[in-house]
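Here's the structure, in structure tokens; my notes come after.
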2 protein chains.
Amino acid sequence: MADTSSRRPRRRAKQPTIAEVAREAGVSAITVSRVLNTPESVRETTRRRVEAAIETVGYVPNRLAGSLASAQSRFIAVIVPSLSNIVFTEVIQGLQATFEARGYQILLGNTDYDLQREDQLVSTFLGWSPAALVITGLRHSEACGRRLRQWEGPIVEIMELGTAIDLNVGLDHLKAGRCMAGHLRERGYRRVVYVGAQMARDYRARLRYEGHCEVLAAAGLEAPLLDMDQLGQFETGARALDQVLATHPEAEAIHFANDDLATGALLHANRLGIAVPQRIAIAGFNGLAIGQHVTPRLTSIASPRERIGRRAAQAVLARLDGEAAVDGPLDVGFTLMAGEST
Amino acid sequence: MADTSSRRPRRRAKQPTIAEVAREAGVSAITVSRVLNTPESVRETTRRRVEAAIETVGYVPNRLAGSLASAQSRFIAVIVPSLSNIVFTEVIQGLQATFEARGYQILLGNTDYDLQREDQLVSTFLGWSPAALVITGLRHSEACGRRLRQWEGPIVEIMELGTAIDLNVGLDHLKAGRCMAGHLRERGYRRVVYVGAQMARDYRARLRYEGHCEVLAAAGLEAPLLDMDQLGQFETGARALDQVLATHPEAEAIHFANDDLATGALLHANRLGIAVPQRIAIAGFNGLAIGQHVTPRLTSIASPRERIGRRAAQAVLARLDGEAAVDGPLDVGFTLMAGEST
DNA sequence: CGGTTCAATGTTAGCGCTAACATCCATTGT
DNA sequence: ACAATGGATGTTAGCGCTAACATTGAACCG
């Protein structure tokens, strides 16, 4: 059966160009270009003729050529640390929705939390002359920071707040950590373990831990940390619960770095018949949907992920439209969602 | 505080071009191009000199120009129906990992299950002369199908199996529907309701339902369908459970179109104190991680999502490398995961 | 020692489009 | 009636790079 020949012909079947359309419509190439880019500058009758010609020859504009000639493209480079984390896919959705509505396409890169890869991606992407760059976090390798500062287009750093290269949309993770720790203190928990996963890479989780520590220290309490070295998934959360129960039997609550871990732990507790929050309270971060469907409902902090994407996109679009620049970071805030798990 | 001027200068600070590098290295432009693209065709000493020059002037290749000149780009257009569904983000991850390792970038589009939008996206993307196109599903609008067939690059249609335009990687949804229905029959369930969400759009779910129907019909049983008109999320699953219990009180099992719905229903049953599977059995589709962490574990069919992405990418790369064409669709299969929920 | 070969490098001519300027011609005001 | 105006369209010259062909010169041969 296996035919070795390619199933499709590989003739470089030249797509029709703007010149063919022009000939067909009896106008010059630039008029076709105008119909495509600034239709209001072409007389209605001419425009219609050109549009008909486009239809007839089946013309699809070559954006590479267009972008090269005009030195501006219609895509947005987006760099995230991970795609397996639903958090980032929700941000991407927000970006997508806003950008696509305005005719921009998303060029997606994934660093796997590796700053070296980040630099490489930035470099590659800048070669595509994107209209703008959306990048996760404020910390970059030195080389990458230089590259970014040198580039002249809009850059948004998202997820966290601070001193940005250009635009900044995010939330204050330190404050979020404080908020949850404060909530746990209010509920009367004194022995609280913070559990993260691969925190060496995820420094936003480290920031939240710092906030957590501040609050506990202020109350004269210790803030033990358990850093799991697996990925932050359900399974890891379950194992973390086992580990905390074994090594910190006196613990009254666990503050997880994210909802995946927390949910994994909570479901594991359900399985083992461990009462939450009576035996041990559980809190997470992100406010994922699943947290509201487990029993007891998970206490968490909702991060407005899609909103981050939307606001970031809006900030970029405003800049591209030449509107007055946004000044300073945009804080999208967060919301404490107190469930029954604490 | 608010300064109205843009925070960054907008000088078109011309990036250095290949010509500058050439001057710096004392060679011609094409030699620089060769160092970049076919380094083995340049003498070592020259290469080193050019590499040093690239470093000195801080050259970043302009891929738009390169792609235009060579009529081939290094990106892959990927079109999925949704980003909110974790299924597709996992596929994208598989694609990403494989393509990025080979220096290809992903241009991402989202149709929201709208064939019109799909056509529009295809048209836009083809204008970028991508190296290949990855598109979800086998059904496209007529115009879109024409466009695709006309295009000369590799196209992979993913997720389902059948008569494809070019390459095809997926699984047989009809068979999957039969498989799960068969499993439910084996466990002795006779009154089984199939629950989907927005099935008018999600025809892969419809295919599974068809398979489901076949099996039940063969046993002389009815196959009632409940099509929820909300998105397929946890909440919808919970509501669907309520509805089934109210309108089909005799139902012994529910076959959900996906794990989100099924998990939502299962957790809702937990909340209400409804015994699963004693009072009602629950089955899903996709084999998401969450299903293995709820109690009872969810019976589902694991679709190898990341694998679909990887295999699709491999097929494309093989084609781009000019290797013998894969013949016929590639079936990635599926696995029945029997949990305690049935 | 002239001729052949071949690896390394250079020259030329676009890729398809758009910016910038040029031209044309119908309208307007005086 | 004629200059001034301005909207519609055209001409020219690249954008930065690479394909294709051209050239160079060192190594090798009979």
Side-chain angles (χ1 to χ4, degrees), chain A residues 10 12-51 53-54 57-75 124 126-131 152, chain B residues 12-51 53-54 57-75 124 126-131 152-153:
Chain A
R10 43 185 45 196
R12 278 232 75 81
K14 287 244 173 292
Q15 294 283 116
T17 72
I18 212 169
E20 262 114 290
V21 179
R23 199 175 317 128
E24 175 77 22
V27 297
S28 72
I30 192 70
T31 302
V32 178
S33 171
R34 289 199 181 105
V35 168
L36 260 20
N37 299 307
T38 52
E40 69 284 356
S41 73
V42 177
R43 208 188 341 167
E44 172 131 11
T45 54
T46 317
R47 183 167 67 233
R48 270 211 268 275
R49 201 144 34 89
V50 171
E51 277 161 356
I54 286 173
V57 306
Y59 171 69
V60 176
N62 181 328
R63 320 253 165 189
L64 291 176
S67 303
L68 179 62
S70 67
Q72 54 180 276
S73 77
R74 296 288 279 184
F75 50 46
T124 308
L126 293 189
W128 286 108
S129 356
E152 71 256 32
Chain B
R12 280 233 75 81
K14 287 243 175 293
Q15 294 283 116
T17 72
I18 212 169
E20 263 114 289
V21 178
R23 200 175 316 127
E24 174 78 21
V27 296
S28 73
I30 191 70
T31 302
V32 178
S33 171
R34 290 199 180 105
V35 168
L36 259 21
N37 300 308
T38 52
E40 69 284 357
S41 73
V42 178
R43 203 179 353 157
E44 172 132 11
T45 54
T46 317
R47 184 166 67 231
R48 269 210 269 275
R49 202 143 36 88
V50 171
E51 277 161 356
I54 287 174
V57 306
Y59 172 69
V60 176
N62 182 328
R63 321 251 165 189
L64 290 176
S67 303
L68 178 62
S70 66
Q72 52 180 279
S73 77
R74 297 288 281 184
F75 49 47
T124 308
L126 292 189
W128 286 109
S129 358
E152 70 257 32

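Please read all numbers here as calculations on a predicted model, not as lab measurements. In what follows, every chain begins at residue 1, and chains take the letters A, B, ... in the order their sequences are listed.
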Under the side chain to side chain contact (heavy atoms under 4.5 Å, CB included) rule, collect the residues that match up with [X], sequence neighbours excluded.
X	answer
A:T45	A:R43
A:A29	A:I18
A:A69	none
B:R47	B:V35, B:P39, B:V42, B:E44, B:E51

Partners of [X] by side chain to side chain donor-acceptor pair (under 3.5 Å), sequence neighbours excluded?
X	value
A:R74	A:Y104
B:S33	B:N37
B:T17	B:E20

Under 4.0 Å from any atom of DNA chain D, heavy atoms only: list the residues of residues 25-34 of chain B that qualify, in numerical order.
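Nucleic-acid contacts, sorted: B:I30, B:S33, B:R34.
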Those residues of residues 60-69 of chain A lying under 4.0 Å from DNA chain D by at least one heavy atom:
A:L68, A:A69
With heavy-atom distances below 4.5 Å as the criterion, would you say the side chains of [X] and [Y] are in contact?
X	Y	value
B:V60	A:W128	no
A:R49	A:V27	yes
A:T124	B:R63	yes

Any residue meeting salt bridge (Lys or Arg N to Asp or Glu O under 4.0 Å) with A:R23, in chain and number order, not counting sequence neighbours:
none
End-to-end bend of the helix from C:dC1-D:dG30 to C:dT30-D:dA1 (five-pair axes, 10° rounding)?
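End-to-end axis angle for the helix from C:dC1-D:dG30 to C:dT30-D:dA1: 40°, rounded to 10°.
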Nucleotide range of DNA chain D contacted by chain A, 5' to 3', under 4.0 Å to a heavy atom?
D:dA8 to D:dG16
Separation between CD of A:E24 and CD1 of A:I54, rounded to the nearest 0.5 Å
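If I round to the nearest 0.5 Å, the distance is 11.0 Å.
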Just how far, in rounded Å, is C1' of C:dA7 from CZ of B:R47?
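It is 14 Å, rounded to the nearest whole Å.
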Nearest whole Å is fine: how far is C:dT9 C1' from B:E44 CD?
17 Å
Is B:S129 reaching over with its side chain to a backbone N or O of B:S73, donor-acceptor style, under 3.5 angstrom?
no
